[in-house]
Amino acid sequence: MVPSVTQCLPPHPLPLTNDNTASLTHHHHRLLHHLTQCTSISHLKQIHAHTLRTSPAQHNQYLTLFLHSSIPHDLDYAFRVFRQIDEPNSFAWNTFIRACARSRDRKKHAILTYYDMMSGATVRPDKHTFPFVLKACAYLFCLSEGKQTHAQALKLGFDSDVYVNNSLIHFYGSCGCLDCAREVFEKMPERSVVSWNVMIDALVQAGEFESALKLFDEMQRSSFEPDRYTLQSVVNACAGLGALALGMWVHAYVVRKCGSDVGNGVLLNSSFVEMYCKCGSLEIAEQVFERMRKRDVSSWNSMILGLAMHGQAEAALNYFARMVNEGFMPNSVTFVGVLNACNHRGMVSEGRKYFDTMIRDYKIEPVLEHYGCLVDLLARAGFIDEALDLVSNMPVKPDVVIWRSLLDACCKKNAGVELSEEVFRRIIESEGGDCSGVYVLLSRVYGSAKRWHDVGLVRKLMSDKGVTKEPGCSSIEMDGVAHEFFAGDTSHPQTKEIYAILDAIEERLESIGYVPDFSQAPLVDELDDGKKQSLRLHSERLAIAFGLLNAKPGVPIRIFKNLRVCNDCHNVTKLISSICDVEIIVRDRARFHHFKRGSCSCMDYW
DNA sequence: ATAGGGTTAG
């Protein structure tokens, strides 16, 4: 709930502000002129000293001007100047609060200064004050401070101000309080484009891509023209959803609107690159990238990360070399892309090399993501001991993702029950044990060792703790509409045809010698028949069958899956791509697979 | 004077 007026601070006297700027003298104007010409802090200090000498009486009056001018040069100096002002007017308070909110390392002081302002009896905040304070609250995730600020803004009657409301939406969005953001958005009497933008972006940031797109639709129906911020958020939503059709629509919209200027929008173009990669269209992504007239490090990063995600390690590394060649300085994110590229191709020695290069030559401190790539790379290439060693000794605290990838590797590489148990124990120690994926992995380790009793124990543990397996779900876009399938789903209108196709395919597969791979089937020692049944109902098969049924010939079938593709589905999809002569592009939880003529772009390393 | 901007490993 957003605060109401009753939650406000106690009332305090509200004298009108002492408005220094009202009595501008000739001298004042000259001083102002000098100050605006000022380009260095030493020059500014000279003028300050001169003023102190020549007109000490008006000194206090001029301090606000010095404050304003010194901020871009030296925040510490500005801070000292501000401290000297006897009774700052609201302009002076606001100026200082804004400076803190914009600073890199003084954001906290924006809030503290605002408290000072509130607790004094001389000034009250005005409509400019709140956006500055809320910006700092948003950045620092100061939820309760921001809520108090909200209450005070209400109390002082700024609840209809567009700027204040937009700042509130942004603040609540940044703190993850979507309901509060939505409430402010719904209640505000007047909206601007920014109101829609901050609300849409809040949804995108929270991963509520469908809601974001719905709001985008509503925005247009309310006759608001989208601007670059809107489009940016919408493209990000498309990337998140894999909504290629809508993404292309936005792209066309931008091209139509900007004409030959499209090539200049660095940020938006980089988002297009990312969107096309995440929607499985590497060719278009590269086209957009090559046509960009201006690029920055992030543009290169989008391309490198995108190629890495598709397992195109060589291409990704080529882009890296090109980027360096063209004088761009790779950053931390660049190396996540590079390491991930190595990871998806099992390039262990290259991965180690780039990790060292990053630290030694580029002086980039590795963060969790870098360690994540390296640990995963080592573990999946079979160097599990080394990976475990790295996790144990790295300077950042490993999270559940790293641990799970290690356990996953143990499982895939048959690292043995003892090592797997060791990793599992470490996970529970550091995570507390409510992470679902790791139980499934452990039960699989026991299953492959045929220790059915232990499988049962893990299952019991899972049900006791209430951890469940995330259900598999695949979706496919057809004529701009997403069709969603769960495992064994029979709710789709074309269910009959879909299952008929699956039967026909299975018959074909068996006739060419396909044998199901049960290694990742549910781990109960039940009859093969039951396992087979559960495998053939995996959600991606239904989606692929739907695609075969409805896609135009020659058009690739694009599938999205929330989990990773299992071995058996991977085999089957390869075979389908061959017998049906169709390209199938699958984005799973971790990466893309391009199935074509019986093989997959991941070369079976995933 | 006031609001909205990037990425990242599984």
What nucleic acid atoms does [X] come within less than 4.0 Å of, heavy atoms only: base, sugar-phosphate, or nothing?
X        : result
A/Ser192 : base
A/Asp588 : nothing
A/Ile402 : base
A/Arg228 : base
A/Ile169 : nothing
A/Asn165 : nothing
A/Val198 : sugar-phosphate
A/Ser167 : sugar-phosphate

### Qualifying residues under side-chain hydrogen bond (donor to acceptor under 3.5 Å, both in side chains), relative to A/Glu350, sequence neighbours excluded
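Counting only residues at least two positions away or on another chain, A/Glu350 forms no side-chain hydrogen bond (donor to acceptor under 3.5 Å, both in side chains).
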Set of residues satisfying ring pair (Phe, Tyr, Trp, His ring centres under 6.0 Å) with respect to [X], sequence neighbours excluded:
X        : result
A/His251 : A/Phe272, A/Tyr276
A/Tyr114 : none
A/Tyr115 : none
A/Tyr371 : A/Phe355

For atom [atom1] of [X] and atom [atom2] of [N], their distance in whole Å:
X        : N      : atom1 : atom2 : value
A/Met309 : B/dG10 : CE    : C1'   : 12 Å
A/Asn269 : B/dG5  : CG    : P     : 19 Å
A/Phe132 : B/dA3  : CZ    : C1'   : 10 Å
A/Asn301 : B/dT7  : CG    : P     : 11 Å

#### Entry: Donor/acceptor link under 3.5 angstrom from A/Asp161 side chain onto base of B/dA3
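Such a pair does not exist between side chain and base.
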### Query
Is any side-chain N or O of A/Asp376 under 3.5 Å from a base N or O of B/dA9, one able to act as donor and the other as acceptor?
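For A/Asp376, whose side chain was compared with the base of B/dA9, there is no donor-acceptor pair (under 3.5 Å).
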### Query
Which parts of residues 335-354 of chain A get close to DNA chain B, meaning a heavy atom less than 4.0 angstrom away?
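Within residues 335-354 of chain A, the residues near DNA chain B are A/Val336, A/Asn340, A/Asn343, A/His344.
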### Query
Do the side-chain N and O atoms of A/Asn301 and A/Ser298 include a donor-acceptor pair separated by under 3.5 angstrom?
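Side-chain D/A pair, A/Asn301 to A/Ser298: absent.
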### Task
Say whether, by atom type as modelled, one donor and one acceptor occur between the side chain of A/Asn165 and the main chain of A/Asp159 under 3.5 angstrom.
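Indeed, once roles are kept as given, a pair shorter than 3.5 Å links the two residues.
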